[in-house]
Amino acid sequence: MFNKEIEFSAHEDYFAIREDYPTPAKLNIPEWFKQLEHSFLNKTVKGCMPFLDSLTAGYMFKMPQDFHIRHNVGNKNEKGEEIKDSFQTFGLHDQNHLLVAKNLNLNSGFDTHTIKQVEGSPFIYKNKNLPFYKILNPWKIKTPKGYSCLFVPPLNNSDDRFSIISGIVDTDTFPNEINFPIVINGDKYPILETTIKKGTPYVQIIPFRRESWKMVLKPRKQKEIQTSRLFYGLKLLNIYKDKYWNKKSWK
């Protein structure tokens with residue numbers, strides 16, 4: 001039974017394209033994971049329910065346009081001045097769509113944050129002291145009262161060229177689209193020229209209920225630890241799935 005709804009809405013012109021709609025994350029399971037086999041003789045991560053739960057939790061946003069990145073690449077602007085970074089968008093104005101981006105939250109496709117906004121953070125090192133691009137997202141999110149959303153790069157399935165900066169938004173009250181600053185994976189790609197294609201999953205959205213919590217610390221008896229370890233140590237293939245795991249549903 002589904003008693004909670006998460007609503008994604010966009011400008012009617014963009015919505016009418018019927019492309020790159022948000023989808024349940026379970027539709028984005030990577031091919032390498034699907035190809036794995038899991039058995040007594042060949043135990044793999046395919047039998048790890050916590051890993052699978054991370055892949056399938058929540059919903060996924062996809063790139064609304066092609067994003068061409070020239071990151072830390074020598075280049076010159078129209079005045080002949082050397083620049084090292086550029087970020088261009090394509091895809092909303094082709095002959096198939098013929099869209100004017102006005103009111104779609106996609107006029108330029110991106111915005112920027114200066115490095116001073118995250119000065120001293122590890123993001124600075126990864127982004128090579130260059131500005132942080134912010135992808136403009138056309139979708140507004142609405143959750144039931146008391147529910148927020150956690151936004152993260154696709155869990156255990158992120159693009160190795162870049163990732164969003166994670167965050168939480170109270171989507172039951174926030175009235176606008178949520179945009180996503182990204183960090184280029186500069187420690188792996190000191191120089192990067194690439195196109196992130198339209199439709200590439202880049203944000204995983206996990207709604208949760210806001211509650212107040214209090215931390216409690218307590219010791220465990222040695223006998224309790226031994227008993228639980230003995231049971232969990234039984235040579236059963238899917239002991240966590242069969243004994244402890246609870247099924248989740250995202251549609």
Side-chain angles (χ1 to χ4, degrees), residues 4 6 8 20-64 66-67 69 71 118 121-127 132-135 137 139 141 143 147-169 171 178-190 192 194-209 213 232 236-251:
K4 293 290 180 292
I6 182 169
F8 299 97
D20 306 322
Y21 283 5
T23 59
K26 65 183 180 182
L27 300 181
N28 189 51
I29 294 177
E31 198 60 35
W32 67 263
F33 183 84
K34 296 178 183 178
Q35 297 301 321
L36 286 175
E37 298 291 338
H38 180 66
S39 66
F40 278 112
L41 298 179
N42 183 36
K43 293 183 179 180
T44 68
V45 73
K46 195 164 188 177
C48 178
M49 299 311 296
F51 191 94
L52 180 61
D53 277 345
S54 76
L55 291 178
T56 58
Y59 305 90
M60 205 71 72
F61 273 163
K62 303 172 185 178
M63 285 287 189
D66 285 357
F67 290 80
I69 297 175
H71 184 77
V118 288
S121 75
F123 303 136
I124 297 290
Y125 167 73
K126 291 179 72 70
N127 226 53
F132 291 87
Y133 294 111
K134 190 177 193 179
I135 298 171
N137 154 54
W139 294 96
I141 303 171
T143 47
Y147 283 78
S148 299
C149 284
L150 169 67
F151 299 93
V152 293
L155 294 172
N156 289 318
N157 191 24
S158 58
D159 194 300
D160 71 350
R161 297 169 293 178
F162 77 101
S163 63
I164 69 159
I165 296 177
S166 301
I168 291 175
V169 176
T171 43
I178 299 160
N179 302 315
F180 301 98
I182 67 170
V183 178
I184 303 299
N185 196 356
D187 46 357
K188 182 173 183 178
Y189 298 103
L192 179 64
T194 188
T195 298
I196 304 169
K197 299 298 291 184
K198 180 177 181 289
T200 299
Y202 75 110
V203 179
Q204 190 165 347
I205 306 147
I206 303 175
F208 66 94
R209 184 177 177 178
W213 291 76
Y232 200 74
L236 302 177
L237 183 61
N238 297 310
I239 187 170
Y240 174 77
K241 178 181 179 181
D242 296 338
K243 183 69 177 176
Y244 307 106
W245 180 69
N246 292 282
K247 184 178 177 60
K248 296 87 175 172
S249 188
W250 310 89
K251 292 187 177 181

Asks: Could you work out, with salt bridge (charged side-chain N to carboxylate O under 4.0 Å, His left out) as the rule, every residue matching Lys247, not counting sequence neighbours?
Replies: none

Asks: Can you name the closest pair of heavy atoms from Tyr147 and Thr171 and give their distance?
Replies: O-OG1, 3.7 Å

Asks: Ile6 versus Cys149: any side-chain heavy-atom pair under 4.5 Å?
Replies: yes

Asks: Identify the heavy atoms of Pro154 and Pro201 that sit nearest to each other, and give their distance.
Replies: CG-O, 4.0 Å

Asks: Can you name the residues that form a side-chain contact (heavy atoms from CB on, under 4.5 Å) with Tyr21, not counting sequence neighbours?
Replies: Phe15, Arg18, Trp139

Asks: Report the distance from atom CG of Asp159 to atom OH of Tyr202, rounding to the nearest 0.5 Å.
Replies: 13.0 Å

Asks: Can you tell me how far apart NZ (Lys134) and CD1 (Ile165) are? Round to the nearest 0.5 Å.
Replies: 10.0 Å

Asks: Check Asn137 against Ile178 and note the closest heavy-atom contact, atom names and distance.
Replies: ND2-O, 3.0 Å

Asks: Check for me whether the distance between the ring centres of Phe151 and Phe61 falls short of 6.0 Å.
Replies: no

Asks: Minimum heavy-atom separation for Ser163 and Pro153, please, with both atom names.
Replies: CB-CG, 3.8 Å

Asks: If every non-hydrogen atom of Ile164 is compared with every non-hydrogen atom of Val152, which pair is closest and at what distance?
Replies: CD1-C, 3.7 Å

Asks: On a heavy-atom basis, which atom in Ile168 and which in Ser148 lie closest, and how many Å separate them?
Replies: CG2-CB, 4.2 Å

Asks: Sequence neighbours excluded, which residues qualify as salt bridge (charged side-chain N to carboxylate O under 4.0 Å, His left out) partners of Lys46?
Replies: none

